Amino acid sequence: MFLIDSETALYGVAGHPVRHSLSPRLHNAAFAKSRINAVYLAFDIEPNYFKALLRTAPSLGIKGLNVTIPHKEAAFKGVNYVPSALDRKIGAINTIVFRNGKSYGYNTDAPGLLEDLRSKLHISVSGARVLLVGAGGSARAAAFGLAQAGASEISVLNRTLKRSQRLASELSRSFPKTMLRALRSPVQAGEAKFDLVINATPCGMQNDAVAFDLSYLRCRPAVYDLVYTARRTPFQKKAASLGLKNANGLGMLVAQAAIAFGIWTGKTTGVRQAMQKALR
Ligand code: NAP
């Protein structure tokens with residue numbers, strides 16, 4: 001571990017609220033493992049100040065930032081370049097690199113989710129029929145990532161129908177081969193067949209709520225919950241009680257962080273393991 005000195009590089013996560021974030025633990029463990037003299041902090045930035053942070057970060061010597069609720073879309077609009085076409089379609093980023101006075105934005109949530117679906121649920125997304133619950137920022141990343149990876153059907157179920165309809169129609173413009181639809185009710189979801197159900201709402205984060213009752217289903221999909229605050233989330237518990245294969249979002253959290261770390265430093269060896277160890 002390096003002592004903080006005048007050479008120490010600065011990274012961090014900007015969010016509001018942000019004190020619950022596990023990212024400092026993950027990234028500081030990865031810097032130590034990779035023997036990089038850098039520190040990663042959590043910046044509680046109110047929306048009014050986010051633009052100012054983007055403008056001043058390079059002059060403060062900040063080399064990279066993660067961005068979380070509620071800044072992902074503002075970050076997308078505020079950076080100079082978003083190199084990936086998929087990230088431009090998602091319209092939200094969670095990782096920024098500052099280099100030579102320019103800022104570059106990336107979305108690592110989508111590849112992080114796909115990596116964890118493969119590793120925890122052994123799911124091949126190609127050809128899969130997916131029920132996506134939620135239509136917010138992480139649901140957008142999930143939907144575009146799944147469509148790009150070849151999902152054959154994506155049905156979006158959201159509390160606010162207008163938002164799921166907008167997401168489904170944006171997706172269908174970009175991915176005409178994927179069957180996309182916004183579902184009107186959980187009952188309608190019960191009539192369809194799915195290989196995978198994903199919760200991309202915050203339900204279950206701080207209470208026992210679930211955004212979709214899995215008992216409506218007559219099929220037996222694998223179940224993934226983006227929420228990671230409990231060892232077993234309420235959505236996972238329900239899936240387990242129905243005998244469905246399930247995982248929570250902790251693996252995605254590590255995967256998206258490791259991908260961001262790779263973008264900043266070029267280092268990947270031992271990074272995921274160091275991050276996982278930091279969460280124990
Ligand atoms: P967001 O942009 O605020 O979107 C929230 C979505 O959840 C919206 O579709 C919203 O519906 C719906 N929702 C909120 N409260 C609800 C309720 N009580 N009942 C039913 N639906 C509800 O949030 P986000 O950034 O997508 O994050 C969603 C969750 O994913 C959070 O728990 C976050 O921590 C988690 N996440 C995890 C990872 C990971 O690495 N594991 C990465 C990113 C996010 P309306 O449209 O009707 O408001």
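One is the number of the first residue; the rest follow in order along the sequence. Indexing begins at 1, ligand by ligand and atom by atom, following the structure's order. It should be emphasised that the depicted structure is a prediction, and the values quoted were computed from it without experimental measurement.
- Considering Ala92, Ala141, Ser138 only, the shortest heavy-atom separation from atom 26 (O) of ligand 1 involves Ser138.
- No side-chain donor-acceptor contact under 3.5 Å links Asn158 to the backbone of Arg163.
- Judged by distance alone, the side chain of Arg220 and the main-chain N or O of Phe194 form no donor-acceptor pair under 3.5 Å.
- Panel note: side chain Asn248, backbone Val227; no donor-acceptor pair is recorded below 3.5 Å.
- At the top of the distance list for atom 16 (C) of ligand 1, counting protein heavy atoms only, stands Arg159 NH1, 3.3 Å.
- Remark: the Asn66 side chain and the Thr95 side chain contain an N/O donor-acceptor pair separated by less than 3.5 Å.
- Scanning Pro202, Ala255, Ala139, Pro70 for the heavy atom closest to atom 13 (N) of ligand 1 points to Pro202.
- At a heavy-atom distance under 4.0 Å, atoms from both the backbone and the side chain of Thr160 approach ligand 1.
- Interface atoms of ligand 1 facing Gly249, defined by a heavy-atom separation under 4.0 Å, are 39 (C), 41 (N).
- A side-chain donor from one of Ser215 and Lys238 sits under 3.5 Å from a side-chain acceptor of the other.
- Checked by atom type and distance alone, the side chain of Arg140 never pairs as donor or acceptor with a backbone atom of Gly91 at under 3.5 Å.
- Below 3.5 Å of separation, one finds no N or O of Met205 facing any N or O of ligand 1.
- Of all the heavy atoms of Leu226, the ones lying under 4.0 Å from any atom of ligand 1 are found in both the backbone and the side chain.
- An N or O contact shorter than 3.5 Å is missing between Lys72 and ligand 1 by distance.
- The shortest N/O to N/O separation between Arg163 and ligand 1 falls below 3.5 Å.
- Distance check for atom 47 (O) of ligand 1: a protein heavy atom is found below 4.0 Å.
- With a heavy-atom cut-off of 4.0 Å, Met252 touches ligand 1 through backbone and side chain alike.
- Protein heavy atom nearest atom 4 (O) of ligand 1, with residue, atom name and distance: Gly136 CA, 3.3 Å.
- Considering only non-hydrogen protein atoms, atom 19 (N) of ligand 1 sits nearest to Cys203 SG, 3.4 Å.
- Shortest contact from atom 23 (O) of ligand 1 to any protein heavy atom: Ile69 CD1, 4.1 Å.
- For the pair Ser103 (side chain) and Val79 (backbone), a donor-acceptor distance under 3.5 Å is absent.
- Residue Gly137 places at least one N or O, backbone or side chain, under 3.5 Å from an N or O of ligand 1.
- At a 4.0 Å cut-off, at least one heavy atom of Ala135 sits close enough to ligand 1 to count as contact.
- Ligand 1 lies out of reach of Gly112, whose nearest heavy atom is not under 4.0 Å from it.
- Scanning the protein heavy atoms around atom 11 (O) of ligand 1, the nearest turns out to be Asn158 OD1, 3.2 Å.
- Ring geometry for Phe50 against His71 counts as parallel: the plane angle stays under 30°, on a 0 to 90° scale with 60° as the upper cut.
- A heavy-atom distance below 4.5 Å is found between the side chains of Leu54 and Ile96.
- Between Asp225 and Asn246, the side chains place no donor N or O within less than 3.5 Å of an acceptor N or O (distance only, hydrogens not considered).
- Near Val227, with a cut-off below 4.0 Å to any heavy atom, the atoms of ligand 1 are 32 (O).
- Donor-acceptor pairing under 3.5 Å is recorded for the side chains of Asn94 and Asp109.
- In summary, the atoms of ligand 1 found under 4.0 Å from a heavy atom of Gly134, numbered by their order in the structure, are 9 (O).
- Taking the six-membered ring for Trp and the full ring otherwise, the centers of Phe212 and Phe235 sit at least 6.0 Å from each other.
- At a 3.5 angstrom cut-off on N or O pairs, Asp109 does not count as close to ligand 1.
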Please evaluate residues Tyr11 and Phe31 with respect to the criterion ring pair (Phe, Tyr, Trp, His ring centres under 6.0 Å), reporting the C-alpha separation (whole Å), side-chain torsions for both, the decisive distance (0.1 Å), and the verdict.
CA-CA 10 Å; Tyr11 294 80; Phe31 282 127; 5.0 Å; yes

